[in-house]
Protein chains: 2
Amino acid sequence: MNKVSQTWNQHVVKKENKALVLHTIKANAPISRASVAQVTGLNKGTVSSLVSELLDEKLINESGTGKSSGGRRPVMLLLNETAGFTISIDLGVNHILGVVTDLQGNIIHERTVQFKNDDLEIVLTHLYQLIDELIIIIPESEYGIVGIGVGVPGVVTLEGEIQLAPNLGWKKVALKDILFERYRVPIIVENEANAGAYGEKVYGAGMESTELVYASISFGIGVGLILDGKLYKGLRGFSGELGHMTIEKDGPECRCGNKGCWELYASEKSLLEEAEKIGFENASVEQLVFAAENGEAKAIQLLEKLGDYLGIGITNILHIFNPEQVVIGNTIQQAAKFIMPAIEKRIEKNAIGFNKNDVKLNVAKLNNHSTVMGMAAFNIESFFKSTDKEIIPT
Amino acid sequence: MNKVSQTWNQHVVKKENKALVLHTIKANAPISRASVAQVTGLNKGTVSSLVSELLDEKLINESGTGKSSGGRRPVMLLLNETAGFTISIDLGVNHILGVVTDLQGNIIHERTVQFKNDDLEIVLTHLYQLIDELIIIIPESEYGIVGIGVGVPGVVTLEGEIQLAPNLGWKKVALKDILFERYRVPIIVENEANAGAYGEKVYGAGMESTELVYASISFGIGVGLILDGKLYKGLRGFSGELGHMTIEKDGPECRCGNKGCWELYASEKSLLEEAEKIGFENASVEQLVFAAENGEAKAIQLLEKLGDYLGIGITNILHIFNPEQVVIGNTIQQAAKFIMPAIEKRIEKNAIGFNKNDVKLNVAKLNNHSTVMGMAAFNIESFFKSTDKEIIPT
DNA sequence: CTAAGTTTGTCTAGCGAATAAACTAAGATT
DNA sequence: AATCTTAGTTTATTCGCTAGACAAACTTAG
């Protein structure tokens with residue numbers, strides 16, 4: 001018989017309590033030791049000693065005294081947000097968006113590259129160049145670059161290998177290993193919709209929600225699932241392929257091999273194809289929205305039809321997950337004014353009352369930064385986990 | 001600011017370690033103290049003292065000495081499975097299945113009632129009578145009836161209120177309160193598919209799986225989700241309404257208000273309606289299977305078509321969740337021989353490789369006992385949780 | 001049959017981490 | 001100025017785990 005389970009001992013207790021104190025300071029800064037004790041339920045003395053360790057590790061700072069509430073004035077504590085920095089990247093089909101954030105998720109610097117050719121070697125060159133430029137900008141700090149995170153439009157395994165990125169034309173790219181080889185810092189590679197979901201949960205529209213579904217509507221459709229407050233990835237990391245959920249069982253064949261997939265009706269690609277058919281030649285979403293805003297009926301109809309199709313899939317989502325919130329993100333956001341009412345109308349008409357009553361439907365609050373901020377959140381979370389002392393086994 | 005979080009202290013450590021020891025004994029019985037220490041990673045002395053407490057609480061028993069492996073012979077430990085009993089019930093549309101189980105999930109006694117009239121008052125009378133009969137049978141024990149659990153074909157809130165049971169014609173029935181009022185023991189009311197999923201996970205086909213989707217195919221379709229090893233219920237408990245997932249966007253209207261719902265194509269109801277159309281008057285699933293087994297082409301075709309429709313929805317499930325296992329349960333199991341190959345064929349043809357490669361597709365191993373055993377598992381788990389000492393807050 | 005080695009299970013001492021309570025510090029209130 | 005309040009530190013105590021010693025009970029080898 002093999003040793004199998006996590007045992008519980010005082011090391012674990014300390015680790016968890018320390019993380020709790022750190023998280024409390026991060027979330028409520030500036031805050032005094034006394035308030036931390038009250039919020040967490042820990043004893044004042046315990047908090048004092050944990051805080052002193054966190055100060056030693058430069059993870060937090062004292063920031064002068066606060067206001068008295070009738071007695072001695074408190075010493076306020078802050079997260080030392082510049083103790084380290086993340087490099088967080090949204091790798092898209094024809095652009096890369098890269099940011100440097102501090103440990104609080106504040107964007108220190110931002111940079112975008114546009115390109116046409118999606119060949120792996122070429123994109124990697126752009127990526128290296130972008131990362132190298134961001135690295136130069138990062139100020140000196142205690143922990144330096146705590147991680148590089150990349151969100152990609154494709155299927156990513158739990159091990160950070162891109163299995164398939166159809167819109168880039170990539171297969172089996174071990175991006176995590178490639179980047180680690182080059183930069184020797186912790187690397188996280190994650191699906192773009194998963195990252196977007198997490199970004200909206202941590203910094204965006206979903207800060208109050210634990211059950212959140214993020215629908216990334218762009219060229220294709222990807223969905224990120226936050227269930228019970230955590231990103232849900234499935235057995236191998238391939239969950240959330242709702243773009244390839246059949247909504248028309250005898251519909252046309254999708255390139256994925258399935259039939260009548262949602263993204264054949266409700267993606268940017270399908271929108272632009274429909275537009276082409278009725279005379280909008282080579283149009284972009286932006287142009288269609290512009291036309292719609294100028295009152296062009298054909299454009300308005302196109303967008304509303306798209307919203308209706310989106311509503312069909314989102315109704316399914318409500319029935320499947322009973323989420324607290326559904327967030328619509330990625331490039332389609334530009335058309336929010338026209339699609340959101342159509343989505344709501346479809347849900348209102350079709351969804352089961354219990355499942356639609358308490359749900360909030362929102363546009364991504366971080367705009368085109370959902371993915372990049374999700375990657376930042378992954379990086380930061382992973383860094384703080386690594387600062388917990390290792391448990392020494394016997 | 002309010003006290004908000006669980007703090008970690010040595011009471012929690014002890015509670016968790018004790019639960020770990022108990023669970024290890026439950027899962028590996030008969031087992032010696034030494035082996036428990038090895039398996040859990042806890043110190044021998046710690047195990048000894050926790051075991052002695054568990055013995056005092058009559059939750060476990062010593063059962064004589066085991067075989068020596070070259071030294072002193074071990075004292076084997078067993079779960080005291082008869083320290084208490086559960087009453088677990090599957091409340092169906094025209095029958096009630098009730099069982100008494102011990103704490104290991106062994107069925108001690110079983111009883112079924114059939115009826116035609118689904119009026120609440122009448123069904124409750126049957127239910128009371130059944131429970132009363134089961135109570136009489138339960139032997140004297142340390143903890144007595146540790147809980148009554150009822151699985152119902154309907155939408156159940158987190159608070160155990162039946163919001164709607166369409167096939168029973170019930171609305172807003174606070175069954176949990178009603179039963180507690182009468183029996184004064186812990187009551188659990190849960191959706192039938194959720195219970196079935198849990199039953200298969202704990203005692204059935206899914207014992208090795210942490211990501212399991214259980215599709216209960218009967219008059220309607222309900223789905224239970226085991227994600228990350230736990231039952232996933234969504235924000236209010238209404239997840240898993242995959243029966244009302246649109247698979248034909250312009251399909252006929254469902255009584256739920258949506259269009260082209262999966263259960264309009266792939267449920268027992270739809271099967272029997274189709275059968276009626278081609279001359280099987282007033283047939284049952286059983287009769288159709290009988291006909292198919294006798295080589296009647298029309299019956300075979302009907303069942304295969306049903307399997308094909310099921311395959312469409314299950315393909316969606318694979319894309320949405322990337323599960324480890326999909327289990328088909330409830331009354332449709334009788335037709336497994338004909339529908340399973342059709343389901344597999346559809347998945348093979350339509351599902352994305354990544355999502356179908358590692359998935360296991362199975363028929364419920366507990367047959368028509370999935371729900372009842374799930375309720376037993378809920379009861380037992382809830383009982384063991386309640387035996388953990390309370391953490392005294394300061 | 002005996003001596004040596006092995007395994008099980010208990011016991012004791014010690015350690016780490018949390019708590020309670022006393023204490024110091026520094027303000028507000030009357 | 002005297003007293004009350006609140007913040008933060010220090011000390012003593014408690015609790016649960018671990019290590020290691022030890023006794024009991026068994027196997028194995030000569």
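In what follows, chains carry the letters A, B, and so on, assigned in the order in which the sequence lines appear, proteins first and then strands, with residues in each chain numbered from 1. Because the structure is predicted, anything quoted here is derived from the model rather than measured.
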In whole angstrom, give the distance that lies between atom [atom1] of [X] and atom [atom2] of [N].
{"X": "A:Arg73", "N": "C:dA28", "atom1": "CZ", "atom2": "P", "answer": "7 Å"}
{"X": "A:Lys44", "N": "C:dA17", "atom1": "NZ", "atom2": "C1'", "answer": "19 Å"}
{"X": "A:Leu55", "N": "D:dG8", "atom1": "CG", "atom2": "P", "answer": "12 Å"}
{"X": "A:Lys15", "N": "C:dG16", "atom1": "NZ", "atom2": "P", "answer": "19 Å"}
{"X": "B:Arg33", "N": "D:dA24", "atom1": "CZ", "atom2": "C1'", "answer": "14 Å"}
{"X": "A:Lys18", "N": "C:dA17", "atom1": "NZ", "atom2": "P", "answer": "10 Å"}
{"X": "A:Leu42", "N": "D:dG8", "atom1": "CG", "atom2": "P", "answer": "15 Å"}
{"X": "B:Glu62", "N": "C:dT8", "atom1": "CD", "atom2": "P", "answer": "15 Å"}

Respond yes when some side-chain nitrogen or oxygen of [X] is under 4.0 Å from OP1 or OP2 of [N], and no when none is.
{"X": "A:Ser68", "N": "C:dA28", "result": "no"}
{"X": "A:Asn17", "N": "C:dA17", "result": "no"}
{"X": "B:His11", "N": "D:dG16", "result": "yes"}
{"X": "B:Thr46", "N": "D:dT18", "result": "yes"}

Inset, instruction - Among C:dT8, D:dG16, C:dG16, find the nucleotide with the atom closest to the side chain of B:Lys14. - result: D:dG16
Legend entry - Nearest listed nucleotide, side chain of A:Val13, among C:dT7, C:dA18, D:dA7: C:dA18
For the side chain of [X] and the backbone of [Y], is there at least one donor-acceptor N/O pair under 3.5 Å apart?
{"X": "B:Thr24", "Y": "B:Leu20", "result": "yes"}
{"X": "A:Thr65", "Y": "A:Val75", "result": "no"}
{"X": "A:Asp228", "Y": "A:Lys230", "result": "no"}

Under 3.5 Å, side-chain donor or acceptor atoms of residues 197-207 of chain B against the rest of the protein: list the pairs with distances, not counting sequence neighbours.
from: B:Tyr198; atom 1: OH; to: B:Glu381; atom 2: OE1; distance (Å): 3.4
from: B:Tyr198; atom 1: OH; to: B:Glu381; atom 2: OE2; distance (Å): 2.3
from: B:Glu200; atom 1: OE1; to: B:Ala205; atom 2: N; distance (Å): 2.8
from: B:Glu200; atom 1: OE1; to: B:Lys365; atom 2: N; distance (Å): 3.0
from: B:Glu200; atom 1: OE2; to: B:Lys365; atom 2: N; distance (Å): 3.2
from: B:Glu200; atom 1: OE2; to: B:Leu366; atom 2: N; distance (Å): 3.0
from: B:Glu200; atom 1: OE2; to: B:Ser370; atom 2: OG; distance (Å): 2.8
from: B:Lys201; atom 1: NZ; to: B:Ser209; atom 2: O; distance (Å): 3.2

Legend entry - Any donor-acceptor N/O pair under 3.5 Å between C:dA18 base and A:Asn43 side chain: no
Legend entry - A:Arg72 (side chain) and C:dA26 (base): donor-acceptor pair under 3.5 Å: no
Inset, instruction - Would you classify A:Thr65 as touching base, sugar-phosphate or nothing, given that sugar-phosphate means primed atoms plus P, OP1 and OP2, and contacts are heavy atoms under 4.0 Å? - result: nothing
Inset, instruction - Look at all strands and tell whether B:Val75 reaches a base, only sugar-phosphate, or nothing, counting heavy atoms closer than 4.0 Å. - result: sugar-phosphate
Inset, instruction - Using the closest heavy atom to pick a nucleotide of DNA chain C for each, name whichever of A:Ser49 or A:Gly71 lands nearer the 5' end. - result: A:Ser49
Legend entry - salt bridge (charged side-chain N to carboxylate O under 4.0 Å, His left out) contacts touching residues 58-76 of chain B (sequence neighbours left out): B:Arg33-B:Glu62
